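From a predicted model like this one, the values you see are computed outputs, not experimental measurements. Throughout, a chain's letter reflects where its sequence line sits, starting with A, and its residues are numbered from 1.
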Number of protein chains: 2
Amino acid sequence: MDKCNAKNLLVSKKLKVTKQRQLILERIIGRQGIFTVNSLYTKLEDEIDLVTIYRVISIFEEKGIIREVLSNYEEKRYELACIHNPVHPHFNCSVCNELFCLEAVSDNLIKLLQENISDYLVKDISIQFKGICKKCLENNLT
Amino acid sequence: MDKCNAKNLLVSKKLKVTKQRQLILERIIGRQGIFTVNSLYTKLEDEIDLVTIYRVISIFEEKGIIREVLSNYEEKRYELACIHNPVHPHFNCSVCNELFCLEAVSDNLIKLLQENISDYLVKDISIQFKGICKKCLENNLT
DNA sequence: AAAATATATGCAACTTACTTGCAATTAGAA
DNA sequence: TTCTAATTGCAAGTAAGTTGCATATATTTT
Ligand SMILES: [Mn+2]
Ligand SMILES: [Mn+2]
Ligand SMILES: [Zn+2]
Ligand SMILES: [Zn+2]
């Protein structure tokens, strides 16, 4: 199965296909990484108002097209939520402060993590590592 | 070893012992849970200015007296960081939207989680579950 | 114990991510 | 093509958190 198609995805989620929604979704699908509302606005400000991006992102999240990434930044972070991008841990470098996507954790390991939690109905799990990324480690030695 | 003592903790971290810092730290130690700046302010507004709480919390975090809890709330969340409260996962209920502290995960399991991450120097790990808490599950059935 | 000094506090004003109201526009149905 | 409800853009608002600066206070020095 290949990459998602913006227009089809909008139609399948029963969303009106507007120029703005297409542009935003195409960018999200094209880049395949973590993004913020402002990172989208920087690229699309000639064509879309900032408020519209906020509203579109909010709708995309409700419809499950994107998911919010757990983080402590002031700006909310999101990423595409589709079969090509299953839930996975992230790594936050405390030097460059970037947020990296990591490989998904095995189902077995997830089960082990959930074993102790009896009083709750678990639907989702977020894992974030903190430390120093390879680039910053190398730079620090120089 | 018994509970931390606010004044001693301040002195050991080489911080000036002010009335405000003592009051804030005593409350954090006394309650032993997750807190926000505003939750402290609600209880201490007659004696401490909101800005002072922000500044004290910022210093406490730098000194490692408290740690920020990873979350997607608009307001930052913190908890006491001491031998009595080692790093542990949290559970976020999507119904009541509360954030619960869970038992710490075994070192073995943490090691397994880190095994795949070769390009990074890991210093810390945050785990947050999302789902429905016992109370909300019971209420939903009623 | 008093004076000196460096730090902490409180108030007002500011910044910034995000939201809301409303009139104008537009996608999709009829 | 016309109609209607949903979407958009602009302006204004909200709320968490920050900053400048004068005053107050904890700790050091005398
Ligand atoms: Mn990711
Ligand atoms: Mn906790
Ligand atoms: Zn880095
Ligand atoms: Zn709940």
Side-chain angles (χ1 to χ4, degrees), chain A residues 5-28 34-63 65-78 97 99, chain B residues 5-28 34-63 65-78 97 99:
Chain A
N5 171 272
K7 193 170 178 177
N8 293 348
L9 191 46
L10 288 173
V11 172
S12 77
K13 296 287 182 175
K14 295 181 179 168
L15 290 172
K16 258 192 191 175
V17 181
T18 66
K19 190 192 80 178
Q20 292 88 337
R21 287 177 178 170
Q22 279 191 83
L23 280 170
I24 293 171
L25 191 46
E26 273 161 14
R27 208 179 156 81
I28 293 171
I34 290 167
F35 65 89
T36 66
V37 164
N38 263 291
S39 72
L40 293 173
Y41 185 56
T42 314
K43 296 294 168 185
L44 301 168
E45 56 186 332
D46 295 332
E47 312 172 76
I48 316 179
D49 187 80
L50 181 59
V51 177
T52 302
I53 301 184
Y54 273 112
R55 287 196 267 229
V56 167
I57 288 308
S58 166
I59 288 166
F60 283 4
E61 199 192 353
E62 280 168 29
K63 293 285 181 178
I65 295 174
I66 60 174
R67 73 176 80 95
E68 193 179 343
V69 176
L70 197 67
S71 84
N72 278 333
Y73 299 98
E74 338 74 65
E75 277 180 273
K76 290 189 171 183
R77 318 248 144 177
Y78 303 89
N97 213 23
L99 194 59
Chain B
N5 171 273
K7 194 171 179 178
N8 292 348
L9 190 48
L10 289 172
V11 172
S12 76
K13 296 288 184 176
K14 293 178 181 173
L15 290 171
K16 257 192 191 174
V17 180
T18 67
K19 190 193 78 177
Q20 292 86 338
R21 287 175 178 172
Q22 279 191 81
L23 280 170
I24 293 170
L25 191 45
E26 274 160 12
R27 207 179 157 80
I28 293 171
I34 290 168
F35 64 90
T36 65
V37 164
N38 264 291
S39 72
L40 292 173
Y41 186 55
T42 313
K43 296 295 170 183
L44 300 167
E45 59 185 331
D46 294 332
E47 313 172 76
I48 316 177
D49 187 82
L50 181 60
V51 176
T52 301
I53 302 184
Y54 274 112
R55 287 197 266 230
V56 167
I57 288 308
S58 167
I59 287 166
F60 283 3
E61 198 191 355
E62 279 169 29
K63 293 285 181 176
I65 296 174
I66 60 175
R67 74 175 80 93
E68 194 179 344
V69 176
L70 197 68
S71 84
N72 277 334
Y73 299 98
E74 338 73 65
E75 277 180 275
K76 289 190 172 183
R77 318 246 143 178
Y78 302 89
N97 213 24
L99 194 59

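- Atom CD of Gln20(B) is separated from atom C1' of dA26(D) by 11 Å (rounded to the nearest Å).
- Separating the NZ atom in Lys63(A) from the CG atom in Leu9(A) is a distance of 11.5 Å, to the nearest 0.5 Å.
- Atoms CG (Leu15(A)) and P (dT7(D)) sit 7 Å apart, rounded to a whole Å.
- Atom CD1 of Ile66(A) is separated from atom CZ of Arg77(A) by 13.5 Å, given to the nearest 0.5 angstrom.
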List, one per line, each side-chain donor-acceptor pair under 3.5 Å for residues 17-28 of chain A, sequence neighbours excluded.
unit_1: Thr18(A); atom_1: OG1; unit_2: Arg21(A); atom_2: N; d: 3.1
unit_1: Arg21(A); atom_1: NH1; unit_2: Lys16(A); atom_2: O; d: 3.0

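- Taking atom NZ of residue Lys19(A) and atom C1' of nucleotide dA6(D), one finds them 17 Å apart after rounding to whole Å.
- Within the nucleic acid shown, Val17(B) comes within 4.0 Å of sugar-phosphate atoms alone, with no base atom in reach, counting heavy atoms only.
- Listed by residue number, Glu47(A), Ile48(A), Asp49(A), Val51(A), Thr52(A) are the residues of residues 41-54 of chain A with a heavy-atom contact under 4.0 Å to DNA chain D.
- Nearest heavy atom pair, residue Glu61(A) against residue Tyr78(A), reads OE1-CE2, 3.9 Å.
- Between dT9(C) and Arg55(B), no contact under 4.0 Å exists linking OP1 or OP2 to a side-chain N or O.
- Contact between Leu99(B) and Ser71(B) at its shortest, heavy atoms only, is CD2-CB, 4.3 Å.
- Between Lys76(B) atom NZ and dT18(D) atom C1' the separation is 11 Å, expressed in whole Å.
- As rounded to whole Å, 14 Å separates atom P of dA16(D) from atom CG of Leu40(B).
- In this structure, the OH atom of Tyr73(A) is 17 Å from the P atom of dG17(D), given to the nearest Å.
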Only pairs under 3.5 Å count here: list side-chain donor-acceptor contacts from residues 34-52 of chain A, not counting sequence neighbours, and write none if there are none.
unit_1: Thr36(A); atom_1: OG1; unit_2: Asn38(A); atom_2: N; d: 3.4
unit_1: Thr36(A); atom_1: OG1; unit_2: Ser39(A); atom_2: N; d: 3.0
unit_1: Thr36(A); atom_1: OG1; unit_2: Glu75(A); atom_2: OE2; d: 3.3
unit_1: Ser39(A); atom_1: OG; unit_2: Thr36(A); atom_2: N; d: 3.0
unit_1: Ser39(A); atom_1: OG; unit_2: Thr36(A); atom_2: O; d: 2.8
unit_1: Thr42(A); atom_1: OG1; unit_2: Asn38(A); atom_2: O; d: 2.6
unit_1: Asp49(A); atom_1: OD2; unit_2: Val51(A); atom_2: N; d: 2.9

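- When the side-chain nitrogen and oxygen atoms of Thr18(A) are compared with OP1 and OP2 of dT8(D), one or more of them lie within a distance under 4.0 Å.
- Residue Lys16(A) has its side chain nearest to dA6(D) when only dA17(C), dA6(D), dA16(D) are considered.
- Here Ile65(B) contributes atom CD1 and Ser12(B) contributes atom OG; the two are 7.0 Å apart, rounded to the nearest 0.5 Å.
- Remark: C1' of dA16(D) and CD of Glu68(B) are 13 Å apart, rounded to the nearest angstrom.
- The distance from atom CG of Leu10(B) to atom P of dT25(D) is 18 Å, rounded to the nearest whole Å.
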